[in-house]
Amino acid sequence: MRHEPEPLTRQLGMYTCRGHTVLEFRGEIDILAAAEIGPFLDRVTGRPGARVVIDLRPVEFFDCSGLRLLYRARVRVLERGGQLHLVCTHPLTLRVLRVTGLARLLPAHPDLAAALARSEAASGSL
């Protein structure tokens with residue numbers, strides 16, 4: 001099920017899988033990376049009914065700039081009737097998501113298959 005993401009920036013790749021746009025964040029997600037990722041994220045999350053998965057597994061460092069990206073993406077997708085799912089396994093990133101409360105709004109899945117299964121269950125297509 002793994003695809004080679006099209007590189008959009010050094011920290012962002014994108015591919016489609018089962019009707020979802022998968023955005024793969026990579027490396028260090030800090031204020032500089034967020035400034036580069038933001039326009040691409042806005043383009044994807046600005047589509048009506050967008051089905052988006054953000055994959056944080058390749059992330060090595062994740063600060064509050066990354067949290068802002070996730071929260072903004074969530075708001076934009078939900079405002080347009082879409083779905084946003086998160087894939088994350090890094091213990092420190094998961095801890096940041098829990099401590100800030102973002103994990104309640106955007107629960108993390110352990111892999112892409114789990115995120116897609118949740119999306120399909122939510123849309124009633126399972």
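Heavy-atom basis, side chains included; hydrogens, waters and symmetry copies ignored. For reference, positions follow the sequence shown, starting with 1.
- With hydrophobic clusters built from ILVMFWY side chains whose heavy atoms lie under 4.5 angstrom apart, Phe40 shares a cluster with Leu67.
- The structure places CD of Glu36 at 9.0 Å from CG of Asp30, a figure rounded to the nearest 0.5 Å.
- Counting non-hydrogen atoms of neighbouring residues, nucleotides and ligands closer than 6.0 angstrom, the CG atom of Leu78 exceeds 12 such neighbours.
- Residue Leu116 forms a side chain to side chain contact (heavy atoms under 4.5 Å, CB included) with just one option from Arg51, His109, His85, Arg18, and that option is Arg18.
- The same ILVMFWY cluster, assembled from side-chain heavy atoms under 4.5 Å apart, contains both Leu12 and Phe62.
- Formation of a donor-acceptor pair under 3.5 Å by the Arg80 side chain with backbone atoms of Gly46 is found in this model.
- For Arg72 (side chain) and Gly38 (main-chain N/O), no donor-acceptor pair under 3.5 Å exists by modelled atom type.
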Cut-off 3.5 Å, no hydrogens considered: what does the side-chain donor-acceptor table look like for residues 97-106, sequence neighbours left out?
unit_1, atom_1, unit_2, atom_2, d
Thr100, OG1, Val96, O, 2.9
Thr100, OG1, Leu97, O, 3.2

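- Each of Val53, Thr45, Val52 was scored for a side chain to side chain contact (heavy atoms under 4.5 Å, CB included) with Leu84, with one residue passing: Val52.
- A donor-acceptor pair is defined here as one N or O able to donate and one able to accept, closer than 3.5 Å; no such pair exists between the side chain of Arg57 and the backbone of Val87.
- In this structure, SG on Cys64 lies 10.0 Å from CG on Leu69, to the nearest 0.5 angstrom.
- Note that CG of Asp42 and CD1 of Ile37 are 11.5 Å apart. Values are rounded to the nearest 0.5 Å.
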